[in-house]
Each structure stands twice: as C-alpha cells, then as structure tokens.
Amino acid sequence: MSLYNDQNKGLASFFVLIFVAGLLMGGLAIFFVNVNNGNSDLRTEIAGLQARVSELEGSQGVVSQDVIIYQDGVSLQEIYDSVKASVVLVYGVSRTGTAQGSGFVYIFQGRYVVITNYHVVQGVDSLSVTFHNGHGYSASVLGSDPYADLAIVSVDAPVSEFVPLKIVRSSNLCVGEQVIVIGNPYGLVGSLTVGVISALGRTIVDDMTNRFSIANVIQASAPINPGNSGGPMLNAAGEVIGITTTVVSDSQGLGFAIPSNTILKEIGALIATGTYSGHSYLGVNGNDMNYILAQQFESSVTYGWRIVSVVNGGPSAGKLQVGDIIVAIDGVGIKSNDDLASYLAEKTVPGQSVNITVMRNDVNIDVIVVLKERPPIT
C-alpha cells in the first residue's frame, strides 16, 4: 500500500514539474514575441525621428553632400549668382603707381553709387570702375572719410549696369554668424570666400588715420587678401553687413570689415558734402590696463584704459590726468580701448558732454568732458 502511494506521489510530482516547465516556456515565448514586436516598433519610431531631424537640418542651414552652404532654402551658389553683378573692380592711377580694390553698387535716395574703401582711392589722379560683365567706365570720388576708411564713388555708366545691394544694420550681429565675402583679391575678379564672425567691436589703428582708432570693426574668419578691400561682407541672406577693409600681415583667417551701421550713418553726408565731421574727440592717449600694469602702478584695477598723455588745448585738458584709468563713460563700463572707441563712435557726437568715471589714486572720480571734433588728417 505504501509503495502504491509512493508511486502515485512520484507521478504527481512529475506532472507538476511538466506543467511548471510548460508555463515557463510559454512565458518565455510570449516575452520574446513582445520584445521582437517592441523592437520593431522602436525601429520604426527611430526611423521616423531620423527623417524628421534630416528635414529640420535642411531648413536650418546644415551642410549636406550636395549643397556647400544651405540657409533658409538658398544655396551658396544661389547667393553668389544673385550678388555677383553688384561687385565691381575699382582701379586707380596716381603719380606713384596703380592701385586696385573692390567695391559694390548701392542706391541712395534714387542715386546709384559705388561704395569702397578710402585707401583704395586715396591720392589717385584717375579712377575707373569695371563691372562684373567686363564693362569699364570712368569714375570720380564723391566723398571720403579716412577715419572710417570709406569712400563713395560716382560712375559714368548707364543705369542698366547698376545692380544695387541691400545694406542692413549691423547692430544685431553675433559672433559665430556665417559671413560671405566677394571681391577681387590680387585682381582675381569675383572671388568668393566664406567664414564666420569671430569677434565684434574691434578697434584697428592705421597710419592713414594719424593713429586714430577705427572703431566697431567686425573681425571675421573669411579669407581676405589685398584687392578684397572695399568689397561687401554679406550675411547668409546676401545682404551687406560690412565692407572689407584690411588684413593683418602673415595672419591666417583674420580679416576686418567696417560695420554697415557706419556706412548708413555717413553715406548721406559723404554724398552731400564730400566729407563726414561726426567723429568725437576726447584728446587723450593711452593703453589698455592689465594685471602686470596694475602691479607696476600699484593699482587695484586690472581693466580699463590708462591715460599716458593729455593733448594740450584738447577737450580733456585740465580735467583728465596722466595715470587716470577710464573705467566707465555715462555709466557704461570700459574694459579696454575697444570699448572706449566703440562707445565714442556709436553713442556720441562732437559738442556732447560725457561723464567719464576714472580711477585716480585708487579713488573713483567722475569728470565731465565736452567732446570736440577730430582734427583733420594732414
């Protein structure tokens, strides 16, 4: 009797094991089916997201294999084709030789002109402009401003030759924005280079300006070479944001452009009077402060602009002193000459009173100075 019971218990245990194993196998099968289905759904979702990302990249200007630059649906080739006829070759002859540069067509109050650099036309006895189609015409300088390296040129050509560009304000430019430069480097007509804005509010100083600063200059990585001077710097929509002006010798990827705000501010006066007289003059010379100078002069500030000389009879004579460190103008902080020159150029005019905050003997002092007009270049 006990043997029979033991056999029945063994068979029962065996069937229980088979039943449990079956449940486990079934559960595993269901699990793998669900996983495979889930992976399939997941792969479908991923494919859809990848397609959407590709669409978004195309609309935001991402480089593809077929388009070098793509911005708002317009390729770099299309931008070039739309503006190339507006860029001209400016050629001058003087007693000391020849000079050539670039320029671009603009229409101001119904009048077609060519905008270029002052140093391109400086001292020339005869001037000509050649359009993209190869047609050349005599030209003359309407007005110029060496302090901004700007010149406005009138061209004796039929209206059909002029294809004006649009100038937009440079106020809202940002570092990292894409820029396009078109000009005639080394006489290679219609050359295009691209890059990005690498800095804003730069200051450049040249013998041409009697060592006065040209302020608010755009620094860009687009290759610029001799002959590019006077050509347009464009945004990704083909609009002028500046005019290329100079390069640094032996540099790579370092070029500068006068901002479009300066062009728009001066062009009316340059055409009407031949000159521009709105440059403010503080009448001091100095250099940027830094940690080393602060240690040398036992100063508590490592920023600002330290005055090293005051012009006799100038607007600051008797008010500012050698050793004063300018740290603010009208409450706006000044860290360097770039800040100082940019503020004077953008925010002031001759005859205006400004409140200059200086650090004098480690004490903050406010000084009121009435600005004058810069002296003429001799």
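Just so you know, these numbers use all the heavy atoms, side chains as well, and skip hydrogens, waters and symmetry mates.
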Worksheet item: Taking a hydrophobic cluster as the set of Ile, Leu, Val, Met, Phe, Trp and Tyr residues connected by side-chain heavy atoms closer than 4.5 Å, whether directly or through intermediates, do I152 and F104 fall within one such cluster?
Response: yes
Worksheet item: Do we see a donor-acceptor contact under 3.5 Å between the side chains of H119 and S229?
Response: yes
Discussion item. Test side-chain hydrogen bond (donor to acceptor under 3.5 Å, both in side chains) on S102 and N228; report intermediate values, then the result.
Written reply: CA-CA 6 Å; S102 305; N228 270 121; 5.1 Å; no
Discussion item. Taking V322 as the starting point, is it possible to reach I326 by hopping between hydrophobic residues whose side chains are less than 4.5 Å apart?
Written reply: no
Discussion item. If you define the side chain from C-beta out and look only at heavy atoms, does anything of L127 sit under 4.5 Å from V129?
Written reply: no
Response to the item:
I218 and I241 have their tightest heavy-atom pair at CD1-O, 3.5 Å
Worksheet item: Roughly how far apart are S160 OG and F131 CZ, rounded to 0.5 Å?
Response: 9.0 Å
Discussion item. Under a 3.5 Å distance rule, please check whether E177 uses its side chain to pair with a backbone N or O of C174 as donor and acceptor.
Written reply: yes
Worksheet item: Taking E161 for the side chain and P158 for the main chain, is one N or O donor matched with an acceptor at less than 3.5 Å?
Response: no
Item to complete: For residues V327 and N364, determine if any side-chain heavy atom of one lies less than 4.5 Å from a side-chain heavy atom of the other.
Response: yes
Fill in: Donor-acceptor contact below 3.5 Å, side chain T203 vs main chain A341
no
Practice prompt. Would you kindly say whether S171 and N261 are connected by a side-chain donor-acceptor distance under 3.5 Å?
Written response: yes
Discussion item. For the backbone of K319 and the side chain of S316, can you confirm whether one donor and one acceptor N or O come within less than 3.5 Å of each other?
Written reply: no
Fill in: Separation between CG of N290 and OH of Y303, rounded to the nearest 0.5 Å
14.0 Å
Worksheet item: When you look at CG of D125, are more than 12 heavy atoms from neighbouring residues, nucleotides or ligands closer to it than 6.0 Å?
Response: yes
Worksheet entry | E78 side-chain N/O to S75 backbone N/O, donor-acceptor pair under 3.5 Å | yes
Worksheet item: side chain to side chain contact (heavy atoms under 4.5 Å, CB included) between D330 and I356: does it pass, once the steps are laid out?
Response: CA-CA 6 Å; D330 294 333; I356 300 181; over 6 Å; no
Fill in: side chain to side chain contact (heavy atoms under 4.5 Å, CB included) assessment of Q321 paired with I307
CA-CA 7 Å; Q321 302 177 7; I307 296 174; over 6 Å; no
Item to complete: Indicate, with yes or no, if I325 and I329 share a hydrophobic cluster defined by side-chain heavy-atom contacts under 4.5 Å among Ile, Leu, Val, Met, Phe, Trp and Tyr.
Response: no
Response to the item:
Sorted by chain and number, sequence neighbours left out, side-chain contact (heavy atoms from CB on, under 4.5 Å) with E239 holds for K166, V168, N235, A237
Worksheet item: Just how far is it from atom OG of S353 to atom CG of L371, taken to the nearest 0.5 Å?
Response: 7.5 Å
Worksheet entry | Euclidean distance, L165 CG relative to L234 CG, rounded to 0.5 Å | 6.5 Å
Item to complete: May I ask you to check whether Y281 and F212 place their ring centres under 6.0 Å from each other?
Response: yes
Worksheet, complete the sentence: Of all heavy-atom pairs linking N285 and W305, the shortest is C-CH2, 3.3 Å
Worksheet entry | N/O donor-acceptor pair under 3.5 Å between T273 side chain and L270 backbone | no
Discussion item. With clusters defined by side-chain heavy atoms of hydrophobic residues (ILVMFWY) lying less than 4.5 Å apart, directly or transitively, does V155 cluster with V163?
Written reply: no
Worksheet, complete the sentence: Minimal heavy-atom distance between P232 and V240, with the atoms involved, is CB-CG2, 4.1 Å
Practice prompt. Grab the two heavy atoms, one from G101 and one from L89, that are nearest each other, plus how far apart they are.
Written response: O-CD1, 3.4 Å
Practice prompt. Report yes or no: does N117 contribute a side-chain atom to a donor-acceptor pair with the main-chain N or O of V120 at less than 3.5 Å?
Written response: no
Practice prompt. Evaluate the ring planes of F162 and Y112, with Trp represented by its six-membered ring, and classify them as parallel (under 30°), tilted (30 to 60°) or perpendicular (over 60°).
Written response: parallel
Worksheet item: Does any non-hydrogen side-chain atom of L340 lie less than 4.5 Å from one of D338?
Response: no
Item to complete: Ignoring hydrogens and angles, tell me if any N or O in the side chain of S198 forms a donor-acceptor pair with the backbone of Q219 under 3.5 Å.
Response: yes
Fill in: Between T357 and D366: side-chain donor-acceptor atoms closer than 3.5 Å
yes
Discussion item. Please give me the minimum heavy-atom distance between T193 and A222, naming the atom from each residue.
Written reply: OG1-CB, 4.0 Å
Discussion item. Taking the side chain as everything from C-beta on, heavy atoms only, tell me whether Q122 gets closer than 4.5 Å to V124.
Written reply: no
Discussion item. Taking salt bridge (Lys or Arg N to Asp or Glu O under 4.0 Å) as the cut-off, I'd like each qualifying pair that reaches into residues 85-104, sequence neighbours left out, listed once.
Written reply: none
Discussion item. Would you say that I368 contacts V354 through its side chain, given a criterion of any heavy-atom pair below 4.5 Å between the two side chains?
Written reply: no
Worksheet item: Is I115 close to I167 at the side-chain level, that is, under 4.5 Å between some pair of heavy atoms?
Response: yes
Practice prompt. For side chain to side chain contact (heavy atoms under 4.5 Å, CB included), just list the numbers for I267 and Y106, CA-CA rounded to whole Å, side-chain angles, deciding distance to a tenth of an Å, and then say yes or no.
Written response: CA-CA 10 Å; I267 189 169; Y106 184 64; 3.6 Å; yes
Worksheet item: Does the side chain of T96 pick up a donor-acceptor pair with the side chain of S94 at under 3.5 Å?
Response: yes
Worksheet item: For the side chain of S221 and the backbone of V196, is there at least one donor-acceptor N/O pair under 3.5 Å apart?
Response: yes
Worksheet item: Does CG in N172 sit with more than 12 non-hydrogen atoms of other residues, nucleotides or ligands closer than 6.0 Å?
Response: no
Fill in: R374 charged N/C atom sitting above Y147 aromatic ring, 6.0 Å / 45°
yes
Discussion item. So which atom in D81 and which in K84 form the shortest heavy-atom distance, rounded to 0.1 Å?
Written reply: OD1-NZ, 3.6 Å
Discussion item. Please determine whether side chain to side chain contact (heavy atoms under 4.5 Å, CB included) holds for the pair V311 and V284, giving the CA-CA distance in whole Å, both sets of side-chain angles, and the decisive distance to 0.1 Å.
Written reply: CA-CA 6 Å; V311 177; V284 291; over 6 Å; no
Practice prompt. Would you check if there is a donor-acceptor pair between the side chains of T245 and D149 at a distance under 3.5 Å?
Written response: yes
Worksheet entry | D324 side chain reached by M359 side chain, heavy atoms, under 4.5 Å | no
Worksheet item: Any side-chain heavy-atom pair from S128 and S138 closer than 4.5 angstrom?
Response: no
Item to complete: Please round to the nearest 0.5 Å and tell me the distance separating atom CD1 of I271 and atom CD of E266.
Response: 12.0 Å
Discussion item. For residues L192 and I243: do they belong to one hydrophobic cluster (side chain heavy atoms under 4.5 Å, members Ile, Leu, Val, Met, Phe, Trp, Tyr)?
Written reply: yes
Worksheet item: What distance do H132 atom NE2 and I182 atom CD1 have between them, rounded to the nearest 0.5 Å?
Response: 9.5 Å
Practice prompt. Ignoring hydrogens and angles, tell me if any N or O in the side chain of N337 forms a donor-acceptor pair with the backbone of D288 under 3.5 Å.
Written response: no
